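Values below: every heavy atom of this structure, side chains too, minus hydrogens, waters and symmetry copies. Treat the numbers as computed from the prediction; the structure is a model and nothing was measured. Quick note on labels: first sequence line is chain A, next is B, and so on, each numbered from 1.
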Number of protein chains: 2
Amino acid sequence: MTTQDAALTLAQRLADSIRSRLIAGELKPGQRLSEATLSSDLDVSRNSLREAFRLLTKEGLLRHEPNRGVFVATPSMASIIDIYRVRRMIECRALEQAYPQHPAVARMQRAVDTALKCRAAGDWVGVGSANMAFHAAIVDLADSARLNAFYAQIAAELRLSFGLLENPEFLHAPYVDLNAAILEDLKAGKAQEAAGALETYLERSERTVLAAFARIGEGERRG
Amino acid sequence: MTTQDAALTLAQRLADSIRSRLIAGELKPGQRLSEATLSSDLDVSRNSLREAFRLLTKEGLLRHEPNRGVFVATPSMASIIDIYRVRRMIECRALEQAYPQHPAVARMQRAVDTALKCRAAGDWVGVGSANMAFHAAIVDLADSARLNAFYAQIAAELRLSFGLLENPEFLHAPYVDLNAAILEDLKAGKAQEAAGALETYLERSERTVLAAFARIGEGERRG
DNA sequence: TCTGTCAAGATTGTTGAACGATTTTATTTC
DNA sequence: GAAATAAAATCGTTCAACAATCTTGACAGA
């Protein structure tokens with residue numbers, strides 16, 4: 001898979017590793033990451049770990065409080081709203097101006113197919129991943145490396161929020177068919193309609209996520 | 001001004017300092033930044049400097065080639081095209097959906113006023129800065145912290161490209177009046193028209209920058 | 001009991017040196 | 001002149017140390 005792992009610098013590999021654990025929910029929001037503890041756990045020097053921390057802080061996955069340490073970023077309603085605002089602006093516009101022959105359309109198709117297969121198998125985590133891939137492919141339509149990188153960051157942040165939410169079926173299942181419909185529109189040359197559908201879609205998704213987030217917020221406040 | 005400078009970590013202050021020198025053109029694109037040399041020049045340890053490098057690399061201002069060193073990012077036609085693509089998507093959309101009472105409108109106004117004043121005084125660098133502030137204010141209209149941060153990065157990258165170009169008058173002067181016109185449209189509630197004007201504006205600016213870039217490219221190839 | 005003070009302990013911030021790994025430069029050889 | 005080799009320079013990474021800052025807990029006083 002990821003050959004030439006050795007070509008990457010240790011800090012990058014560390015960042016990758018920690019990012020995975022963040023997205024997987026192993027590291028909980030708000031949790032402090034001790035330099036001494038983590039560096040000895042991962043068997044690397046504090047300096048290398050600090051470089052990785054700087055990377056992940058720039059990505060918005062960690063928060064750095066000088067002299068206090070780094071913490072797993074804590075998603076908030078504000079951050080979710082912000083992220084969805086960005087998504088609507090980027091994804092809808094990318095879709096709107098897309099042409100059906102774009103290579104990213106094939107990627108969208110694969111994502112939809114995968115999602116359908118996973119849904120049939122009851123693999124909701126797989127459905128979630130496929131949906132994320134679908135949206136990344138939409139951004140690809142805009143043909144901008146910087147936009148892709150930015151979106152990847154936003155997506156990782158959002159996955160941090162999803163990690164807080166249980167019930168992935170509820171969170172991802174409804175969107176498989178909507179994704180398929182959007183793809184059909186696009187392939188039929190109806191980019192404008194696809195964009196409109198996506199806009200509605202994202203608003204709905206935002207409401208769902210915010211509502212779920214509000215619920216767990218209540219629970220934690222009294223827990 | 002920037003009080004609590006001590007509150008920031010050394011790596012951040014280093015990154016700020018280096019970023020300034022990059023934007024000011026003191027450090028030339030393609031130039032290699034030696035860890036040993038820079039750390040002794042700035043009187044900091046290599047480790048701290050490396051943390052700063054990771055930060056600036058994430059921002060796209062430096063390029064890191066493992067085992068070879070870090071280099072000042074080299075703007076290319078591709079990067080300029082990419083950046084303008086992003087700008088059109090973000091700025092035009094932000095403007096389109098803006099309402100005239102938004103606080104960022106006041107910032108746009110101040111930027112226009114400053115630009116007019118600087119132009120009258122023949123201060124083209126000042127005009128350039130004011131124009132940049134105008135566009136940053138446009139992005140502010142979207143009310144997204146992440147979008148603002150992303151745009152700040154893009155803008156810094158673009159300034160790196162501008163640094164290569166001589167003749168700031170030619171590069172910035174024509175846009176002062178266009179900015180003023182866009183602002184008037186927005187204040188008059190004609191957001192749609194403002195967005196359209198900005199789209200045209202950015203296309204023109206892109207052509208200008210690309211052409212200037214192509215010229216210096218030729219010159220360097222035979223120089 | 002509560003509050004503020006202060007010392008002790010823990011953690012981060014930063015440095016300098018060290019050494020293996022990789023790249024670049026210089027030298028030698030054919 | 002090109003290929004092979006040795007030497008030098010640079011990056012990658014670790015380690016140990018200490019200063020600066022934050023946290024904890026004991027303690028005195030209201």
*asked:* Quick test of your reading of the model: are B/Arg87 and B/Glu206 salt-bridged, counting only N-O distances below 4.0 Å?
replied: no

*How long is the line joining CZ of A/Arg50 and P of D/dG12, in whole Å?*
18 Å

_B/Glu65 CD - D/dC11 P separation (whole Å)_ = 12 Å

*Between the side chain of A/Asp82 and the main-chain N/O of B/Ala145, is any donor-acceptor distance below 3.5 Å?*
yes

*Expressed in angstrom and rounded to an integer, what is the separation of A/Phe71 atom CZ from D/dC22 atom C1'?*
11 Å

_Rounded distance in Å - CZ (B/Arg54) to C1' (D/dT13)_ = 12 Å

*In whole Å, what is the span from the CZ atom of B/Phe53 to the P atom of D/dC11?*
8 Å

*Give a yes/no verdict on a cation-pi contact between B/Arg204 and B/Tyr175, requiring under 6.0 Å between NZ or CZ and the six-membered ring centre and an angle within 45° of the axis.*
yes

*In whole Å, what is the span from the CD atom of A/Glu35 to the P atom of D/dA16?*
16 Å

_Salt-bridge contact A/Glu96-A/Arg93 (side-chain N to carboxylate O under 4.0 Å)_ = yes

*Indicate yes or no: does B/Arg19 engage B/Glu59 in a salt bridge with an N to O separation below 4.0 Å.*
yes

*Return the value, rounded to whole Å, for the distance between atom CG of B/Leu10 and atom P of D/dA19.*
18 Å

*Where B/Ala15 and B/Leu56 come nearest, the two heavy atoms and their spacing*: O-CD2, 3.8 Å

_Pair B/Ser20-B/Ser17, side-chain donor/acceptor within less than 3.5 Å_ = no

*Which residues within residues 38-49 of chain B lie with some heavy atom under 4.0 Å of an atom in DNA chain D?*
B/Arg46, B/Asn47

*Using rotation axes that map the C1' atoms of four end pairs onto the next four (five pairs an end), what angle separates the end axes of the helix from C/dT1-D/dA30 to C/dC30-D/dG1, to 10°?*
10°

*asked:* Checking side-chain polar atoms at under 3.5 Å, does A/Asp140 have a donor or acceptor matched by the opposite partner on A/His102?
replied: no

*Between D/dT13, C/dG13, C/dT23, which nucleotide gets closest to the side-chain atoms of B/Arg68?*
C/dT23

*Closest to the B/Asn67 side chain, choosing from C/dT23, D/dT14, C/dT14*: C/dT23

*Listed once per pair and sorted, the ring-ring contact (aromatic ring centres under 6.0 Å, His included) pairs that draw on residues 143-167 of chain A, sequence neighbours left out*: A/Phe150-B/Phe150, A/Phe162-A/His172

*Can you tell me how far P of D/dC11 sits from CG of B/Leu62, to the nearest Å?*
13 Å

*To the side chain of B/Arg13, which of D/dG12, D/dT23, C/dT14 is closest?*
C/dT14

*Short side-chain N/O contact to C/dT14 OP1/OP2 from B/Thr9, under 4.0 Å*: yes

